[in-house]
There are 2 protein chains.
Amino acid sequence: MQINIHQTHHTIGDFDAIFTYLKNITENNKNSSELHVFPELFLTGYPLQDLCLQRSFIERYEDLLKKVNALQDSSSPTLLIGGLDYEMDEDGIPFKIKNVIFEFGPKGLRPIYTKKLLPNYDIFDEQKYFSAGSENCIYQFEDKSFGLLICEDMWMSSMHSTDPVKELFEEVENSKIKLDGVINLSASPFYLGKDKTRLIRSSEISKLFGCPFIYTNRVGGEDEILFDGSSFVVNGAKVTHRAKFYQQDILNYILEDFDGERDLEKALNDKVNSWESLFKANIIRNDNGDYRLPELSDEDCEEVLQSIRFGIQEYAKKSGFNKFDVALSGGIDSALVLAIMKLSLLEDQNLEAIFMPGFFSATMSYDLSFEMCKKIGVKLSTFPIKFAHSSLRNQYNDVFKDPMEGLCDENIQSRLRGAILYARSNQRNSMVLNTSNKSELSVGYSTLYGDSVGAISPLGDLYKTEVFALSKYINKKYGNIIPEGIISRPPSAELREDQEDSHSLPEYDVLDTILEGLLSYRLGTKDLIEMGLDSEEVSKVFNLYSRSEYKRKQFCPIIKIKAKSFGTGYRIPICKKN
Amino acid sequence: MQINIHQTHHTIGDFDAIFTYLKNITENNKNSSELHVFPELFLTGYPLQDLCLQRSFIERYEDLLKKVNALQDSSSPTLLIGGLDYEMDEDGIPFKIKNVIFEFGPKGLRPIYTKKLLPNYDIFDEQKYFSAGSENCIYQFEDKSFGLLICEDMWMSSMHSTDPVKELFEEVENSKIKLDGVINLSASPFYLGKDKTRLIRSSEISKLFGCPFIYTNRVGGEDEILFDGSSFVVNGAKVTHRAKFYQQDILNYILEDFDGERDLEKALNDKVNSWESLFKANIIRNDNGDYRLPELSDEDCEEVLQSIRFGIQEYAKKSGFNKFDVALSGGIDSALVLAIMKLSLLEDQNLEAIFMPGFFSATMSYDLSFEMCKKIGVKLSTFPIKFAHSSLRNQYNDVFKDPMEGLCDENIQSRLRGAILYARSNQRNSMVLNTSNKSELSVGYSTLYGDSVGAISPLGDLYKTEVFALSKYINKKYGNIIPEGIISRPPSAELREDQEDSHSLPEYDVLDTILEGLLSYRLGTKDLIEMGLDSEEVSKVFNLYSRSEYKRKQFCPIIKIKAKSFGTGYRIPICKKN
């Protein structure tokens, strides 16, 4: 039997494209005895959040269901499609929304399974919107039996009170059915390291049921959240089939017999996806005996690079941009953003850089920016802000009789740059890429409406030490496109004389370790101090972090790379006592 | 028997102040036979969101619990206190967090009831953090019996699968207990009209159990969310006791017998707090037969005014500001913000206004701003942006060989104003009040990083027509502090020649009606057109609304006035197809 795994890639709510895809499949596979499997919520896209409550969205979705139903005739192939099943009250208001698998085939479209485990941690709010199912589904197709799961259903943890894998297994055991496969329809967001965890868990489930585990994931960048695809079949201990990373794909899989050793225990007892393991602080002890954030490996860097490239392009495509602007400062963050964007650029796209020197910009900042742009062939415009800065200083003094100085004088430079960058963006309808990193964002070392501006943040989930690692990786792979001088110079905002990050912050490897501990929610200041980190530095970082929440609330979407990121999945009040 | 209802007001996580309050109560009430009742989550504050997962927060909270426990001796009075009860796993990681009522008294501190209904709609994410209880609590104190509830427990709806009032009632009936009171510990956010709903529901519950209903609410402004206090006792059909609106207070209530007619049906069948009734579109048919947003009554305006004043002051106090800046444009939004701030100003606080005229600012804009500031005694500084605008125009042309025009030329004015306003804010450490309204925010009629800047938005939950109503109310009550010319002139952004909102948007009463329909999620474009609204206008507004999500994602916290507001409780993806 052939099972076609459709790793699809559509915009949320793009019902025309979704319908066309289904239409093509059904028309090209008449009287076929193959099974077609689609991702979770293929029919709508994911995550929808409040969109699934909006009347106009629901109406358009119900129209789609009617059109899909109308595709059906006696020659229709059989499809398993993820979608929403609405139960309306007498006023036409949804009071139950279920995340289901529809079977589409000669009998039409009908829901056959409802997702049991609704993730409600971190970026997930499914219990806010969806009603959980309670029934297993052992799906008969031709002469085969399949266990069906939707995404989170494959996991277990102390966070969840039900265990769908266990429940399915008990039914299989009790009714003495031999499953020929377990099929999981997923919309599973990417983060670094998740793929490995998925494969381990899938292998456990394959060994539990003694059949292949067939996993269909979607592809897409939804604001900050990426879906990497990477659909697969795992048979026992082996990954036998694999779909592409961040690309629409189809796996034509001929169902195989189980190949490996059964294990009736592991899958039922391994808490791999527990809250605890998902969000632990990623800190290890290095050769010097110090606790530190581990360095990104080359493999990690490659995965991160592809993820960021995909995330930017998705946002651009969906927002209708084919031009990009990056403000270069001569520092490593903006240089890395420019490098990544250059590497990501499609044929019909255009990238420009702007350098906006002020009174405190080193000559080196221009030289390095110029060198880089020349090397990679990006147009660089230089727009000095000295004149505007100076004239605003004078005018400010005249108006307020109070000389512009200190933070006031620092931040106006950053905000002038923001205004000029966005003027350029407005003029040429380009997308501005933000250049902040996670360390900066964590301690509030950026100017609101200044260097913190942008449509999307490519580096906002990477600590400064990881920005360095990724820059070095790119230089190694693509021939030193970031000048060495940018990598080796001490980081500075260049908003006042002799400003250097290291004068007011711990060294970045220490800072990033403290932040990883705090942001994981797993380590408090006491724990970090017990681990040997300097208590003054820990307290200072904790205070900077706690007081800068207001800046993060007004920040743009950050491409999510880690298990725990700022953005939708991070919710801390601005006002509180520490 | 005396029951003391403590309507408290503390900052989230301010464990010192919380402890001091409890210490004073216990020390001043030794050997007392009175009962003291506190709000939901008095011990931590609310809403905590991810804060309740943070290790440092948990450690500080556990310390507080130890200190509170140590207050206990055989002479301790009895307190019912809302707090969190953590269950930790072997690694000290919370795997169950319960929202409970602690009894504190001669026996120490012990949890006696766990909240059953965890709200998980709109701004609420309680199922994300808390584990629900399943047991009723009939609490015996002296010779009296009390039914205990926590906030949402008093409501029922199709959103919830359990009904704590019903469950409590069944236990009371089965065990033939006569309750002497029902006590509800709440942390119930304000929105316009909620108080009435609370009182109706409370009366139903009082009539169901045949005893007084005692309701303790907290006071506080938590970023966007306000808690108004307004604690009360309802006995049958009557509100017999009432605490202050937005002020810490204590009600010393002598428990009374039930006074009224029992009703054993209503409370069990009335779906007042259903999803459907909470979020219905507030649209009525006016005398002309047109569907329109109803006008705010004077009573509404007074409630809104007090709420905004409280919300601003709370944010200022918790963020450490005692100075405020408002950018005046000569239009109604900024004038209203200035008027409200002036009315809110405390003795040690200072308010300044800045007027930043550009090439397209009418003379009238200055005259009206000047007139207003003079009348209310606010210092007005005039900072023309013409020079900076003009010099940036020239420089832009030099650098990019592309004259600054259109949106580019419009927005740079707004962003220059943002930069200057924030320079002033940085210099004098003042808080910038945003001046956007809900209509503008909905259709994206503001410049990101320009007029959309601010620490908090006082008007972001009021439609433009409501901005007019509130302005007129303030003028009536406080003697025309907003010049009539500001109210009567046609709204304009003044970013280009002859710009008027009405040239590109429907009339505001129509716009606001369409928006109320869409934002409630209850009416789609089809419904609005069926209600007689112009189909072109409806489509235009829907498109503007859908495409401007990216601006709202980077907006500051909005003081929440309505059941459905932008902010935490509003989650719509930026990228999607409509």
Side-chain angles (χ1 to χ4, degrees), chain A residues 11-14 49-51 53-56 59 91 93 95 120-121 127-128 158 222-223 276 315 318-319 381 383 387-388 391-392 396 399-400 402 404 407-408 411-412 415-416 418-419 422-423 426-427 449 453 521-527 553-554 556-557 570-577, chain B residues 11-14 49-51 53-56 59 91 93 95 120-121 127-128 158 222-223 276 315 318-319 381 383 387-388 391-392 396 399-400 402 404 407-408 411-412 415-416 418-419 422-423 426-427 449 453 521-527 553-554 556-557 570-577:
Chain A
T11 300
I12 288 174
D14 191 356
Q49 299 185 300
D50 285 6
L51 206 56
L53 305 173
Q54 276 197 353
R55 185 80 160 199
S56 295
E59 282 170 2
D91 301 320
I93 303 300
F95 82 100
N120 213 43
Y121 52 90
Q127 290 172 25
K128 195 172 189 116
S158 57
E222 310 303 347
D223 300 349
E276 303 86 81
Y315 194 91
K318 292 173 180 178
S319 314
S381 303
F383 197 116
F387 319 109
S391 102
L392 284 172
Y396 189 95
V399 171
F400 297 111
D402 185 10
M404 196 182 257
L407 197 62
C408 169
N411 284 348
I412 193 118
R415 294 198 176 103
L416 266 172
Y422 264 80
N426 283 151
Q427 184 82 313
Y449 320 128
V453 302
Y521 300 157
R522 287 288 160 262
L523 298 173
T525 50
K526 277 189 207 170
D527 303 300
K553 286 273 190 237
Q554 295 193 41
C556 62
Y570 172 87
R571 302 173 193 174
I572 296 281
I574 296 175
C575 296
K576 74 264 174 191
K577 276 259 182 188
Chain B
T11 300
I12 286 174
D14 190 357
Q49 297 186 302
D50 285 5
L51 207 55
L53 304 174
Q54 277 197 352
R55 186 81 161 200
S56 295
E59 282 170 2
D91 301 319
I93 303 300
F95 82 98
N120 213 43
Y121 53 89
Q127 289 170 25
K128 194 172 190 118
S158 57
E222 311 303 347
D223 301 348
E276 303 84 83
Y315 193 91
K318 292 173 180 178
S319 316
S381 303
F383 197 117
F387 320 108
S391 101
L392 283 173
Y396 188 96
V399 171
F400 297 112
D402 185 12
M404 197 181 254
L407 199 60
C408 168
N411 284 348
I412 193 121
R415 294 198 176 103
L416 266 172
Y422 263 81
N426 283 152
Q427 183 83 312
Y449 321 127
V453 302
Y521 301 156
R522 287 287 160 263
L523 298 173
T525 49
K526 277 189 206 167
D527 303 299
K553 286 274 191 240
Q554 296 193 42
C556 62
Y570 172 86
R571 302 174 193 173
I572 296 280
I574 296 174
C575 296
K576 73 262 172 191
K577 276 260 182 186

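Protein chains get the first letters and strands the later ones, always in sequence-line order, with residue 1 at the start of each.
- Chain A forms more heavy-atom pairs under 4.5 Å with one residue of B:Lys553, B:Arg571, B:Glu59, B:Met404 than with any other, namely B:Arg571.
- In this structure, a donor-acceptor pair under 3.5 Å is present between the side chains of A:Asp50 and B:Tyr521.
- Both the backbone and the side chain of A:Gln127 have a heavy atom closer than 4.5 Å to some heavy atom of chain B.
- Between the SG atom in B:Cys408 and the CG atom in B:Asp402 there is a gap of 7.5 Å [rounded to 0.5 Å].
- Contact annotation for A:Thr11: only side-chain heavy atoms (C-beta onward) come within less than 4.5 Å of a heavy atom of chain B.
- Interface residue A:Ile412: only side-chain heavy atoms are found under 4.5 Å from chain B.
- One N or O on the side chain of B:Lys576 and one on the backbone of B:Pro573 form a donor-acceptor pair closer than 3.5 Å.
- Here B:Ala423 is the residue among B:Ala419, B:Ala423, B:Ser319 with the most heavy-atom pairs under 4.5 Å with chain A.
- With a 4.5 Å cut-off on non-hydrogen atoms, A:Tyr396 touches chain B through its backbone and its side chain both.
- Of the listed residues (B:Leu407, B:Leu392, B:Val453), the one with the most heavy-atom contacts under 4.5 Å to chain A is B:Val453.
- Of the residues considered (B:Gln54, B:Gln49, B:Lys128), B:Lys128 shows the highest number of contacts with chain A, using heavy-atom pairs under 4.5 Å.
- Under the 3.5 Å distance criterion, the side-chain polar atoms of A:Asp527 are matched with a main-chain donor or acceptor of A:Gly524.
- Counting heavy-atom pairs under 4.5 Å between each of B:Arg415, B:Gln427, B:Lys526 and chain A puts B:Gln427 at the top.
- At distances below 3.5 Å, not a single donor-acceptor pair connects side-chain atoms of A:Asp223 with backbone N or O atoms of A:Pro557.
- Using modelled atom types, no side-chain atom of B:Ser381 and backbone atom of A:Val399 make a donor-acceptor pair closer than 3.5 Å.
- To the nearest 0.5 Å, atom CG of residue A:Leu416 and atom CG of residue A:Asn411 are 11.0 Å apart.
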